[in-house]
Amino acid sequence: MALASQVSRADEGGVSFWVPGFFGSLAATPQQPGWSWASIYYHTSVSAGGDVALAREFEIGKVPGNLSAHLNANLNATGDIGFVIPSYVFATPVLGGQAAVAVVAAYGRSSADLNGTLTGSLTVGGTTLPFGPLSQSISSSVTGFTDLVPQFSLRWNNGVNNYMMYVTGDLPVGNYDSTRLANMGIGHGAIDGGGGYTYFDPKTGREFSGVLGLTYNLLNPSTQYQNGVDLHFDWGASQFLTKQFQVGLVGYAYKEIGCDSGSGNRLGCFQSQVFGIGPQLGFIFPVGNMQGYLNFKGYKEFDASDRPSGWNAWVTFVISPASAPPPATKPMITK
């Protein structure tokens with residue numbers, strides 16, 4: 001459930017909603033009731049070859065509809081996004097669990113460059129003519145707000161075992177232009193939901209979390225393109241060396257399990273996938289009468305298909321209500 005620059009997620013002729021890596025360690029652990037505030041700095045740098053570059057050219061209308069094309073090109077893109085995520089955790093249990101609501105908003109900059117040579121055959125009045133080679137160079141950048149992402153979650157705790165379910169979606173109100181290579185919004189709505197598990201033993205400091213989800217992407221009304229259903233899994237594993245300091249690994253797997261569709265789809269099924277893994281560090285510290293949490297994590301992507309890949313880094317800072325102190329023990333009185 002996150003928004004990054006559109007071109008950094010240009011995995012198909014359209015753009016999918018989910019940004020891999022949004023969930024991580026301690027994802028399903030209970031939170032303290034009340035208001036919390038999270039800030040995230042996200043940087044991504046990706047590249048792709050001809051198939052993905054051609055898909056982007058189809059989407060932004062740079063290739064005629066009657067052209068059967070081949071593009072020998074490179075697509076390079078970067079994004080720098082700042083997220084703010086206010087959330088509220090309810091003290092009253094819901095279905096025996098802890099309910100929370102949140103909304104994700106973000107502002108940032110995205111840029112992209114596409115350079116290559118287009119060749120193919122052009123059909124005119126039933127006659128097929130050779131086309132090209134045509135050299136192309138497209139540069140695009142945009143600064144603005146992303147789409148809004150509301151979220152609802154429930155968490156349950158049973159000793160060292162913690163469980164979570166969530167539902168979220170995309171409200172397409174961000175800076176978007178279907179003829180532009182780089183965008184901040186994705187141009188269509190989406191619904192996403194899933195569940196997660198965290199094993200956390202405070203005595204040993206060992207922790208493992210995993211969150212599995214599915215995304216249903218709605219039709220983009222500007223391009224008449226609809227992405228297929230996405231399956232995504234985010235995970236994190238860490239060891240608390242002290243009660244305030246953790247080290248570990250993070251990773252994700254992203255796979256489109258449905259086919260792209262819509263009258264604007266000229267690419268066929270075009271299923272994308274990508275995997276990522278990297279290190280993480282976390283720190284817990286007091287902030288007045290609140291609690292602060294600072295996390296650094298990064299991912300190197302691999303085994304990507306029909307999608308740009310590269311690396312990305314996250315810096316997360318959270319302020320939340322401090323954990324309640326343990327109840328005072330009454331002195332034992334003996335006679």
Discussion item. Could you tell me if Ser209 and Thr198 have a donor-acceptor pair between their side chains, going purely by distance under 3.5 Å?
Written reply: yes
Side chains of Tyr42 and Asn312: donor-acceptor distance under 3.5 Å anywhere? no
**Close aromatic pair by centroid cut-off 6.0 Å: Phe90 and Tyr88** = yes
Practice problem: Give a yes or no on whether the backbone of Ser320 and the side-chain of Gln32 come within a donor-acceptor separation of less than 3.5 Å. | Solution: no
Problem set entry | Main-chain N/O of Gly189 paired with Asp170 side-chain donor or acceptor, under 3.5 Å | no
*Between Phe233 and Leu231, is any pair of side-chain heavy atoms under 4.5 Å apart?*
no
Would you check if Ser25 and Gln246 make a side-chain contact, meaning some heavy-atom pair closer than 4.5 Å? yes
Classify the ring geometry of Phe302 against Phe275: parallel below 30°, tilted from 30° to 60°, perpendicular beyond 60°. parallel
query: Does the pair Leu154 and Tyr163 meet the rule for a side chain to side chain contact (heavy atoms under 4.5 Å, CB included), with working shown?
result: CA-CA 8 Å; Leu154 280 173; Tyr163 308 91; over 6 Å; no
Using only atom types and a distance under 3.5 Å, with no angle test, would you say the side chain of Asn183 pairs donor to acceptor with the backbone of Asp177? yes
| field | Min side-chain heavy-atom separation Leu281-Phe245 under 4.5 Å | value | yes
In this structure, CG of Asn162 is separated from CG of Asn157 (nearest 0.5 Å) by 4.5 Å
Distance col, row Leu294:CG vs Phe283:CZ, nearest 0.5 angstrom, shows 6.5 Å
Sub-4.5 Å side-chain heavy-atom contact between Ile284 and Gln291:
yes
>> Are Pro321 and Met290 packed together at the side-chain level, in the sense that at least one heavy-atom pair is separated by less than 4.5 angstrom?
In response: yes
(message) Is the shortest side-chain heavy-atom distance between Tyr299 and Thr44 below 4.5 Å?
(response) no
Problem set entry | Exercise: do Tyr254 and Glu301 side chains pair donor with acceptor under 3.5 Å | no
So CD1 of Ile40 and CD1 of Ile85: to nearest 0.5 Å the spacing works out to 4.0 Å
>> How about OH on Tyr197, more than 12 heavy atoms from neighbouring residues, nucleotides or ligands closer than 6.0 Å, or not?
In response: yes
The single option from Trp235, Tyr252, Tyr166 that satisfies ring pair (Phe, Tyr, Trp, His ring centres under 6.0 Å) with Phe23 is Tyr166
When rounded to the nearest 0.5 Å, the distance separating OG of Ser263 from CD of Gln224 is 4.5 Å
### Side-chain donor-acceptor contact under 3.5 Å, Gln280 with Asn295
yes
inquiry  = Check whether Gln226 reaches the backbone of Asn217 with its side chain - one donor and one acceptor, N or O, closer than 3.5 Å.
reply    = yes
query: Do Phe17 and Asp230 have side chains that get closer than 4.5 Å, going by heavy atoms?
result: no
Check your understanding: Less than 4.5 Å apart, any side-chain heavy atom of Arg180 and any of Asn175?
Key -> yes
| If only atom types and distance count, is the side chain of Asp234 paired as donor or acceptor with the main-chain N or O of Gly21 below 3.5 Å? | yes
Which of Thr168, Val101, Asp192 passes side-chain contact (heavy atoms from CB on, under 4.5 Å) with Gln151? Answer is Thr168
Here the gap from His232 atom NE2 to Ile257 atom CD1, rounded to the nearest 0.5 Å, amounts to 10.0 Å
Using modelled atom types only, decide if a donor and an acceptor are shared between the side chain of Asn227 and the backbone of Val229 within a distance under 3.5 Å. no
(request) Could you state whether Val94 and Trp156 fall into the same hydrophobic cluster, counting links through intermediate Ile, Leu, Val, Met, Phe, Trp or Tyr residues with side-chain heavy atoms under 4.5 angstrom apart? (result) yes
message = Strictly distance-based, threshold 3.5 Å: is any side-chain N or O of Glu207 a donor or acceptor partner for the main-chain N or O of Leu26?
response = yes
Output for pair (Arg206 CZ, Asp201 CG), nearest 0.5 Å, gives 8.0 Å
Do the ring planes of Trp314 and Phe83 sit parallel (below 30°), tilted (30 to 60°) or perpendicular (above 60°)?
parallel
query = With distance as the sole criterion, is a donor-acceptor pair present between the side chains of Arg155 and Ser153 under 3.5 Å?
reply = yes
